[in-house]
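Let me begin by presenting the structure, written as structure tokens, before commenting on it.
Atoms considered below: every heavy atom in the structure, side chains included; atoms not considered: hydrogens, waters and symmetry mates. All residue numbers refer to positions in the sequence shown, counting from 1. For ligands, and for the atoms within them, numbers begin at 1 and follow the listed sequence.
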Amino acid sequence: MKILVVNCGSSSLKYQLFDMLTEEVLAKGLVERIGIEGSVLTHKPTGKEKKIVQQTMQSHKDAIKMVLQMLVDPQYGVLSSMKEIDAVGHRVLHGGSKYAESVIIDEKVLDAIEEFVPLGPLHNPANLIGINACAEALPGVPMVAVFDTAFHQTMPKKAYIYAIPYKYYENNHIRKYGFHGTSHKFVSQRAAKLLGSENTKLITCHLGNGSSVAAVKNGKCMDTSMGLTPLDGLIMGTRSGTIDPAVIKVLADEEHMTINEIDNMLNKQSGVLGISGISSDFRDLEQASEEGNERARLALDAFDYKVVCTIGAYAAALNGVDAIVFTAGVGENSPEAREAILTKLTYLGVELDKEANKKRGEEIMISTPDSKVKVFVIPTNEELMIAMDTMNLTKELI
Ligand code: AMP
């Protein structure tokens, strides 16, 4: 069974084609600058040379057509015909309270993705365009929506309700939803396998450009740090994470900034970039800090501190923790960040294996054999998770 996984952003489209018999990636790639001058497709067929195509792509429909052409290209392709694509899995940002699982896309699902555009104004419209473009290019091929919010739908109401007048929850769907759900689900399932038990208390830390922590009990999410939107919670590459909401009024009054300007500042100019004034990339900050840059050091310290506090809060919420999992760009690749965080968690019974912690980008246990709380680095694979959900929902249809 061959499954195409598609992740549409406002001007980009990422894809991976899987052979689900072996869970192997046959090809993957990225289209950038869709609808902007200088559109470019980077296509990487497994075991073959990479191909870069620079060609105007006005819309996601043009981009999908181009991707499909590459997949069957005599030189760079990996399929003999488009008919080999059995199903398409789409990453969709926001499924509101409607979807706790992935679903086969039909008119009702399209309407729901549209309904939640106010909650995901940048992503949901792009996701819809991608779905419609695929439906046109691959008529009759079943498609599945995999929501970034779905895994967190098991949170109890006391964890997701905001303490503002209840009518905003009822009328405007304002509550915590959480994101990175596909990643938290993937690594928590993998950690349960490594622990040899489904009955576990886990804290999963997805630390990348966007970052979030989830508390997972017996496979179900009990709390997570992102909120109505991905802006809440941890300090991120360019997002502020949790701040006192009163900051907005003070800036509006003193700096005469509009709501949109403040929203843009909180999402794009804040986080470790905002504190350091140097970069949103942790590699740059680690280097600058080593060279003595104090604000880079402060940004990293503040980031680590917030992760430590959130893990502590979730250990309390779960009344204990069996394992902590690190994933995503920083979680998988920064021994420095992991050490800074884990050495503040000795009170929980975390004992770091400093030698194991030197490894980057591979699945490994980084706690000592005697550590009461196990710590794993588990590389996330959201695309494979999307492909697995797509296969499970569509295999009867094919
Ligand atoms: P992601 O959003 O999961 O792709 O993570 C991207 C972030 O991971 C980048 O912004 C980097 O800051 C970080 N990252 C990647 N590799 C490393 C590394 N070797 N050391 C520290 N941070 C890294």
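Side-chain atoms of His180 and Thr224 include no donor-acceptor pair closer than 3.5 Å. Looking at Glu351 and Thr368, their side chains do bring a donor and an acceptor atom within 3.5 Å of each other. When only modelled atom types and interatomic distance are considered, Asp232 and Thr242 share a side-chain donor-acceptor pair under 3.5 Å. If you check the side chains of Glu286 and Ser334, you find a donor sitting under 3.5 Å from an acceptor.
Considering both main-chain and side-chain atoms, Phe282 comes within under 3.5 Å of ligand 1 through a nitrogen or oxygen pair. Remark: ligand 1 and Asn209 share an N or O pair separated by less than 3.5 Å (distance only, no angle test). No N or O atom of Gly210 sits closer than 3.5 Å to an N or O atom of ligand 1. For the pair Asp281 and ligand 1, the shortest N or O to N or O distance falls below 3.5 Å.
Summary of contacts: the protein heavy atom closest to atom 13 (C) of ligand 1 is Val330 CG2, 3.7 Å. Scanning the protein heavy atoms around atom 23 (C) of ligand 1, the nearest turns out to be Arg283 CG, 3.8 Å. Protein heavy atom at the shortest distance from atom 14 (N) of ligand 1 is Gly329 O, 3.7 Å.
Which parts of ligand 1 touch Ser334 is read off a 4.0 Å heavy-atom cut-off, strictly below it: atoms 21 (C). Close approach of ligand 1 to Gly208 (heavy-atom distance below 4.0 Å) involves ligand atoms 1 (P), 2 (O), 3 (O), 5 (O). Near Ala328, with a cut-off below 4.0 Å to any heavy atom, the atoms of ligand 1 are 3 (O).
In Arg360, the part holding a heavy atom less than 4.0 Å from any atom of ligand 1 is the side chain.
In this structure, the side chains of Arg91 and Val5 stay at 4.5 Å or more apart for every pair of heavy atoms.
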### Query
Should Glu363 and Arg190 be marked as a salt bridge (charged side-chain N to carboxylate O under 4.0 Å, His left out) after you check the CA-CA gap, both sets of side-chain angles, and the distance that decides it?
CA-CA 10 Å; Glu363 185 176 290; Arg190 184 72 199 134; 2.8 Å; yes
### Task
Decide ring pair (Phe, Tyr, Trp, His ring centres under 6.0 Å) for Phe282 and Phe303; before the verdict, give the C-alpha distance in whole Å, the side-chain angles of both, and the deciding distance to 0.1 Å.
CA-CA 10 Å; Phe282 283 70; Phe303 172 84; 4.7 Å; yes
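There is no protein heavy atom closer than 4.0 angstrom to atom 4 (O) of ligand 1.
Salt bridge annotation for Asp106-Lys108: absent, with no cationic side-chain nitrogen under 4.0 angstrom from a carboxylate oxygen.
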